[in-house]
Amino acid sequence: MHSLLTFPKGGVHPPESKAHTASLAIERMPAPDELEIILGQHIGSPCSPMVKKRDVVTEGAVIGDVAKGLGAPLHSPVAGTVKDIGLSAHPLRGKAPSITITVDHAAAPASYQPHPWQGLSAADLLAKVRDAGVVGIGGAGFPTHVKLKPPVDAKIDTLLLNGAECEPYITADHRQMLEHPGEIIEGAKIILKILGIHTCRIGIENNKPDAILAMTDAAQAGSTADDSLSVRGLQVKYPQGSEKQLIQALVGRKVPSMALPSAVGVVVQNVSTALAIYEAVALNKPLCGKVITISGGGVARPANLLVKVGTRIGDIVRRLGGVKPELAKIVMGGPMMGFAVSSLDVPVTKTTSSVLFLTAEEIDSRPHSQCIRCGWCLDACPMGLEPKEIGLYVEANRAGDTAQFGVFDCFECGSCAYVCPAKRPLVQFVRLAKMKAKR
Ligand code: SF4
Ligand code: SF4
C-alpha cells in the first residue's frame with residue numbers, strides 16, 4: 001500500500017456524517033407523474049427547447065439543445081407528453097426556463113445493451129459523449145466533450161479520476177465505485193482513447209476502503225500492455241476532491257493561478273462522469289438519470305437514490321417517508337459548497353449530488369461578528385489566499401480592490417468560513433468581491 005497522498009496547504013476536517021448512507025445500496029426510484037427539466041443544466045448557453053407543448057416524446061429523445069456556443073443536449077428521461085414549456089423553481093435563480101413532461105407509466109422502459117466501442121475513432125467517441133448530453137457530474141456541469149478536447153498546444157499525459165468525494169454526507173460516488181467499478185474503468189479507458197494517452201490515476205479518500213479495493217481490482221483487470229490504470233488512497237481532508245488540490249495530491253503538479261489543469265498536462269474527470277461516459281459510448285444511453293444522496297437528521301429515511309433528472313425534491317421526500325419535525329434547513333449539494341433551497345418544487349438536475357435535510361443541531365446558525373484577526377482562515381485556505389482581507393475590504397466598500405488577495409483563485413470551498421470563530425460569511429464576501437473586482 002502506498003502512503004496516503006494529499007495537497008500541501010490548508011484544508012479542514014468537518015464531521016464526515018457519511019455513516020447514514022454509506023452502506024445503503026443505490027435504490028432506483030420509479031418516475032413520478034411529472035418531471036420538470038431545467039433547460040440550463042450546464043456551464044455555457046442554456047438549451048433551447050426542441051419540442052413543443054403536447055408533443056409525445058420517447059425515453060431518451062432529445063428535447064433541448066444548444067445551437068451555438070458551449071453546451072450539451074437534454075434528453076427526456078421518460079416516455080410521455082410535453083405538458084408545458086415554462087418556468088420551474090430553481091435554487092439559485094428563483095425560477096428558470098424548463099420543460100415539464102407528464103410521464104406515460106404504461107410505456108415500456110428503454111433497453112440499453114452494451115456493444116463494442118474499441119473500433120471507434122477518438123472523434124466518434126467524443127461525438128457520442130456530446131450526443132448523450134454528458135456534463136461534469138461532480139462539479140458545476142462543464143460539458144464533458146469540451147473538457148475532453150484540451151487546447152492543441154497542451155501536452156496531456158495523465159487522466160485523473162476523482163473519487164475523493166470529500167464533501168460531508170455525500171456517498172453517491174462511493175456507491176457507484178462499489179457497485180459499478182468495471183464500468184467506471186471502462187469509461188476511463190474510453191477517455192484515454194479520446195485523449196490519446198495511456199495513464200490513469202484514480203484518487204479515493206481513505207474513508208472508503210471498500211471502494212479503494214473494488215476500484216483497485218477493476219483497475220488491475222482493465223490495465224493492459226498499453227494502458228496503465230491505478231488507484232491511490234488519499235488523506236481524508238476537505239477539499240481533497242477539488243481539481244487543483246487533487247492534481248497536487250496525485251501527481252504533485254501545481255496548476256498556475258487562473259490556468260486550467262491542461263496547463264500541467266492532466267485532465268480530471270469525476271468517477272461518476274466516467275460511468276456516464278461509458279453509458280454514453282458503450283450503451284448509447286443519454287445522461288438523464290442521477291444517483292443522489294438523500295441524508296440528514298431531518299428526513300425519515302436516508303438513501304442513495306437513482307432518480308430521473310427532473311424529479312422534484314417533494315416527490316423524493318414522499319418516497320422516503322417525509323420529513324421529521326426537527327427539519328431546519330434543506331441544502332442541495334454538500335454542507336460546505338451546497339446552497340439552501342426554500343421550495344420542495346425544485347427539481348434534480350444533472351449536477352445534483354445530494355439533498356440534505358438538516359436539523360438545527362446539524363447547522364451553525366450563530367450570527368456573525370467582527371473579525372478578531374486570528375488568522376485561522378488563512379491557515380485553512382487551500383489556495384493560500386487571504387479571506388480575512390477580502391472580507392474586510394468588502395465591508396469597507398472596497399470590493400473592487402480585492403484582486404490583490406487572489407479573489408479570482410477562490411473556488412468557494414468554504415474552508416475559511418468553516419473555521420472562522422466569528423462565523424463571518426467569507427464565501428459571500430468573496431462572491432461580492434468577484435462581481436466588483438477587475439481581473
Ligand atoms: S472559500 Fe476561497 S478563500 Fe475561502 S478557503 Fe476556499 S478557496 Fe480559500
Ligand atoms: S478566521 Fe474569521 S475572525 Fe479569524 S482572521 Fe479569518 S475572518 Fe477574521
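Atoms within a ligand are numbered from 1 in the order they appear, just like the ligands themselves. The figures that follow rest on heavy atoms only: side chains count, while hydrogens, waters and symmetry mates do not.
Those atoms of ligand 2 with a heavy atom of C377 less than 4.0 angstrom away are 1 (S), 5 (S), 6 (Fe), 7 (S). Close contacts between ligand 2 and P421 involve ligand atoms 1 (S) [criterion: under 4.0 Å to a heavy atom]. Of all the atoms in ligand 1, the ones that sit under 4.0 Å from a non-hydrogen atom of P382 are 5 (S). Near I372, meaning under 4.0 Å from any of its heavy atoms, are these atoms of ligand 2: 3 (S), 8 (Fe). Using a 4.0 Å cut-off to heavy atoms of C410, the atoms of ligand 1 that qualify are 1 (S), 2 (Fe), 3 (S), 7 (S). Listed by number with element, the atoms of ligand 2 under 4.0 angstrom from any heavy atom of C371 are 3 (S), 5 (S), 7 (S), 8 (Fe).
Using a 30° and 60° split on the angle between ring planes, Y393 and F405 fall in the perpendicular class, above 60°.
The environment of CZ in R301 is crowded: more than 12 heavy-atom neighbours from other residues, nucleotides or ligands sit within 6.0 Å.
Shortest non-hydrogen contact noted between K208 and G163 is CE-O, 3.5 Å.
The backbone N or O of G203 lies less than 3.5 Å from no partner atom in the side chain of R232, so there is not a single donor-acceptor pair. Of the possible donor and acceptor atoms, none in the side chain of T352 sits under 3.5 Å from a partner among the backbone N and O of S354.
Between atom 6 (Fe) of ligand 1 and C413 there is an N/O/S contact shorter than 2.8 Å.
Given atom 4 (Fe) of ligand 2, the protein heavy atom at minimum distance is C374 SG, 2.3 Å. In this structure, atom 8 (Fe) of ligand 1 lies nearest to the protein heavy atom C381 SG, 2.3 Å. Scanning the protein for heavy atoms near atom 2 (Fe) of ligand 2, the closest one is C420 SG, 2.4 Å. The shortest contact between atom 5 (S) of ligand 2 and any protein heavy atom is with G375 N, 3.2 Å.
For the pair K237 and F7, the distance from NZ or CZ to the six-membered ring centre is under 6.0 Å and the angle to the ring normal is within 45 degrees.
Side-chain contact annotation: S98 with S88, donor-acceptor N/O pair under 3.5 Å present.
Using 4.0 Å as the threshold, G414 has a heavy atom nearer than that to some atom of ligand 1.
In this structure, D401 pairs ionically with R398, as a charged nitrogen and a carboxylate oxygen lie closer than 4.0 Å.
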